[in-house]
Structures are given as structure tokens and as C-alpha cells.
Amino acid sequence: MSEAADKQPEAEAPRPERRPRVFSGIQPSGTLHLGNYLGAVRNWVDMQETHDCVYCAVDLHAITVRQVRAELRRNTIDLVNLFLASGVDPERSIVFVQSHVPAHAELMWILNTITYMGELRRMTQYKDKTAEAEGESIAVGLFDYPVLMAADILLYRADAVPVGEDQKQHVELTRDVAERFNNAFGKAFVVPEPIIRAGGARVMSLDDPTKKMSKSAGSENSYVAVMDPPDVIRRKIKRAVTDSGAEVRGGPDKPALTNLLDIYGALAGEPVADIERRYEGKGYADFKADLGEVVVAALTPIQARIKELEADKAYTVDVLKTGADRAEAIASRTLAKVRERVGLVPRP
Ligand code: ATP
Ligand code: LTN
């Protein structure tokens, strides 16, 4: 861990009364699910109270896996609408699309020169995503993905990065690369901390509680999509696998119930122990019926707001224009500093 005094790059433009800054991103690579909402977006909304926030639809990350052009465009706008509908406030926070700010790709190149192959090879996500691929046909971008993520975070001199548990390793790599750069070239970066909130940090699949809920793996029934209609949500929760036994109780030997209780607690803002107590003597069916309603109640207002945003496309475009301008203003300052540190001749 770095000292607090360490965190201010000396030549950074002064931000005297600034609140700590956060950066986070989500890939526009398909259906958003309850895991993304609970593990990420919901925390983003809350952090606006205490932090200056920069939130990004990371489309350059999404193309590390082949995308269909029209779908990528649509998913990118849908994702931004989800941010806004969930309560990310573009007056307070910077909301933008990664590829609109070329500094991300440029800083990535510079960071590539100080990141080691061995570090990237150890990344769990890389290992998972390439487990079935032939060695000769794995895209370089998939390997290099964490370096682009480091560039995202470091460009904004973010103090904190709210993510789900699965991204912790990437934030740790970002810290290592930032420290390495600062030591080798002189301070240019703030070393960021991951922020992983307890409830909902790892929502598991509804049909296999040993796997994380994921949009890219598993069947339709393994996840609740943020846009699922109420009857679909109720049905998916009802069908979710449960553990042997009949009591509504979590625990290490009850992964399915632990997951459902965690979802309930995170959405209702209630400690799991209280929920367990309320369901003493009741069965899974009662609990699941109620959980279905809790999920419906949480997602319905978000869905309604998304419909409104879809009816006024110009608004989202406007948010993204302002967001890109504000993001670029910060990013270009960091990048200028980095170029200077490395010894690149300034453009006359
Ligand atoms: P996939 O769902 O396809 O595995 P991913 O993990 O690549 O997607 P992103 O859209 O890039 O998902 O993730 C956005 C955010 O959602 C990240 O902060 C990630 O940690 C979080 N997240 C993703 N899945 C879950 C989950 N099951 N539980 C909690 N948080 C999650
Ligand atoms: N790799 C992340 C998405 C991501 C991100 C970031 C998260 C890209 N850049 C910067 C936090 C900060 C994922 O969730 N798959």
C-alpha cells in the first residue's frame, strides 16, 4: 500500500478541494445482468455521494472478442442508458465511451513497454477466456486487455476503482504497473485501490451456484437480465437450483441458497441473518416467490427509465458528447505528463 502522501503526483495540476476520484468501466458486450448491476453499477451510483466519478462504456475492451457491428453500437448506447437509468447522474459524473478518447489506446502502448508477458499470462480472466482456444489463434488484444484497463484507470489518476471480485486481479496489476512507471520515470500516476463491496460482489449463476453469473456463458436461465420482464424474472428465480434440505439458510455447504440470500439482502438492503430468521419454518417456495418480487421491484423502475431514454436518443448523445470532452480534458493532461516523463519530444 502506498502512503497517502505518495498519491499526489507532484506536477499534477492542483485539485485543492477535490474529493477522491473513481474510475470504472463495463464492456458493452451484451445483455446486462443482475451481477453487473449489483457488482458494479449500483455501487457506482452510491459513490457519487463521496467521490468524483468517471464512468465508461469500454468498447475497445469489448472488441477483444469478435462483435457484430450493429450490435456493438446498440449495446454501447444501451449500456450508457443503463448507467443513466440506474442513477448515474451526468451532471455530477463523467459518462463517456472509451473509444471517443484516443488517449486510452495511446497510454496503453506506453504501458505495454513496461508490462511483462509473465504478468499478463498469470491473469485468471485471460486463462479462463483462452482455456479452449488454440495457442496460435489467441488475439493479442485478449492478452493485452489488462494493460488497456490500466490505461483507463491511470489516465484519470483515479484513487479508487469499484469493481466486482473478478476484476480485483486486474486492478492489482494496474497498481504494479503504476508503481513501476513512477519509480522508473518519475511520478506521473496515482496508485489506485480496488473497492469491492461485500453484498453482491459475486453473484452466482442461477443454475450452477459454483459459477459466476455471466452474460457470455451459460443458458438463459442462468441469469436475470436487467431488461427481463417481470414474469420472466419470477420464472427464472422460481427455477433457480436449490440445495439439498428444506431450510432457507446459507452456509458453505449451501451455495445455491447463499447466493439467493445474498441477492435478496443486497437488493432489499437487509442483513442475510435477518432474512434467514424471517423464513424460519418456511420453505424454498415461499422464499423464492418473495425474492422474485424483490428483484422485480428493484428492476422495474430502471426498465421504465430506460424506455424513456430510448424515446429521446438526442439526450444520450448529448451526455456522451459532454462526457467525452470532460474526460479528454483530464486524460490529455496525464498523457502529456507521461510523454514528458518518457522523453517523447513534444509536438511543435
Ligand atoms: P461476463 O458476464 O460476460 O463474464 P464480464 O465479467 O466481462 O462479463 P463486464 O461487463 O466487463 O463483465 O463487467 C462489468 C462489471 O460487472 C465488473 O465490475 C464486474 O466485476 C462485474 N460483474 C460481472 N459479473 C458479475 C457477477 N456475477 N457478480 C458481481 N459482479 C459482476
Ligand atoms: N475489465 C473490466 C471492465 C473494465 C474496467 C476498466 C473496470 C475495463 N476498464 C477500468 C474498471 C476500471 C470488466 O469488468 N471486465
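When reading the values below, keep in mind they use all heavy atoms of this one structure, side chains included, and skip hydrogens, waters and symmetry mates. FYI, the numbering just counts along the sequence from 1. As the structure lists them, so they are numbered: ligands from 1, and atoms in each ligand from 1.
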Is the shortest N/O to N/O distance between Gln27 and ligand 1 below 3.5 Å?
yes

Any idea which part of Met204 is under 4.0 Å from ligand 1, heavy-atom wise: side chain, backbone, both or neither?
neither

Do side-chain atoms of Asp243 reach the backbone of Ala256 as a donor and acceptor pair under 3.5 angstrom?
yes

Check each protein residue for a heavy atom under 4.0 Å from ligand 2 and list those that pass, ordered by chain and number.
Phe23, Ser24, Gly25, Gln27, Val58, His61, Tyr145, Met149, Asp152, Ile153, Val161, Val163, Gln167

With heavy atoms of Met213 as the reference, note each atom of ligand 1 found under 4.0 Å away.
24 (N), 26 (C), 27 (N)

Ligand 1 to Asn36, heavy atom cutoff 4.0 Å, flagged ligand atoms 10 (O), 12 (O), 13 (O), 14 (C), 16 (O), 22 (N), 23 (C), 24 (N)

So for ligand 1, is Ile26 a polar contact partner (N or O within less than 3.5 Å, distance only)?
no

Would His33 count as a contact residue for ligand 1, given that I'm defining contact as a non-hydrogen atom of the residue lying under 4.0 Å from a ligand atom?
yes

I'd like to check whether Glu165 has a polar contact with ligand 1, where a contact means an N/O of the residue lying under 3.5 Å from an N/O of the ligand.
no

Ligand 1 contact on Val203 by region, counting heavy-atom pairs under 4.0 Å:
both

Who are the side chain to side chain contact (heavy atoms under 4.5 Å, CB included) partners of Ala331, not counting sequence neighbours?
Val101, Ala103, Leu155, Tyr156

Is the closest N or O pair between Gly164 and ligand 1 shorter than 3.5 Å?
yes

Within 4.0 Å of some non-hydrogen atom of Gln167, the atoms of ligand 1 are 20 (O)

Which of these, Met149, Met123, Lys168, sits in a side-chain contact (heavy atoms from CB on, under 4.5 Å) with Leu173?
Met123

Ser29 meets the side chain to side chain contact (heavy atoms under 4.5 Å, CB included) criterion, sequence neighbours left out, with Gln27, Ala62, Gln67, Lys215

Which atoms of ligand 1 have any heavy atom of Gly39 under 4.0 Å away?
29 (C), 30 (N)

Relative to ligand 1, is Ala40 under 4.0 angstrom through side chain, backbone, both or neither, heavy atoms considered?
side chain

Taking only non-hydrogen atoms of Asp166, do any sit less than 4.0 angstrom from ligand 1?
yes

The residue among Ser93, Ser24, Pro20 that forms side-chain contact (heavy atoms from CB on, under 4.5 Å) with Cys53 is Ser93

Can you confirm whether more than 12 heavy atoms, excluding those of Glu340, are under 6.0 Å from its CD atom?
yes

Atoms of ligand 1 less than 4.0 Å from Ser214 heavy atoms?
1 (P), 2 (O), 3 (O), 4 (O)

Got more than 12 heavy atoms from elsewhere within 6.0 Å of CZ, Arg278?
yes

Is Tyr145 close to ligand 1, meaning an N/O of one under 3.5 Å from an N/O of the other?
no

Atoms of ligand 1 less than 4.0 Å from Lys212 heavy atoms?
4 (O), 5 (P), 6 (O), 23 (C), 24 (N), 27 (N)

Distance in Å, Leu120 CG paired with Asn112 CG, rounded so as to fall on 0.5 Å steps
8.0 Å

Taking only residues two or more places apart in sequence, or in another chain, which ones meet Val295 in a side chain to side chain contact (heavy atoms under 4.5 Å, CB included)?
Leu34, Val224, Ile233, Ile237, Ile263, Leu267, Leu291, Leu299

Side chains of Asp166 and Gln125: is there a donor and an acceptor less than 3.5 Å apart?
no

Any idea which heavy atoms bring Ala57 and Thr76 closest together, and the distance?
CB-CG2, 4.3 Å

Number the atoms of ligand 1 from 1 as they appear, then name those within less than 4.0 Å of a heavy atom of Arg202, with their elements.
28 (N), 29 (C)

Looking at Ala240, is its backbone amide N or carbonyl O close enough to the side chain of Lys288 to form a donor-acceptor pair, meaning the two atoms are under 3.5 Å apart?
yes

Smallest separation among heavy atoms of Lys236 and Ala225, with atom names
NZ-N, 4.3 Å

Which word best sums up how the rings of Tyr279 and Phe287 line up, parallel for under 30°, tilted for 30 to 60°, or perpendicular for over 60°?
perpendicular

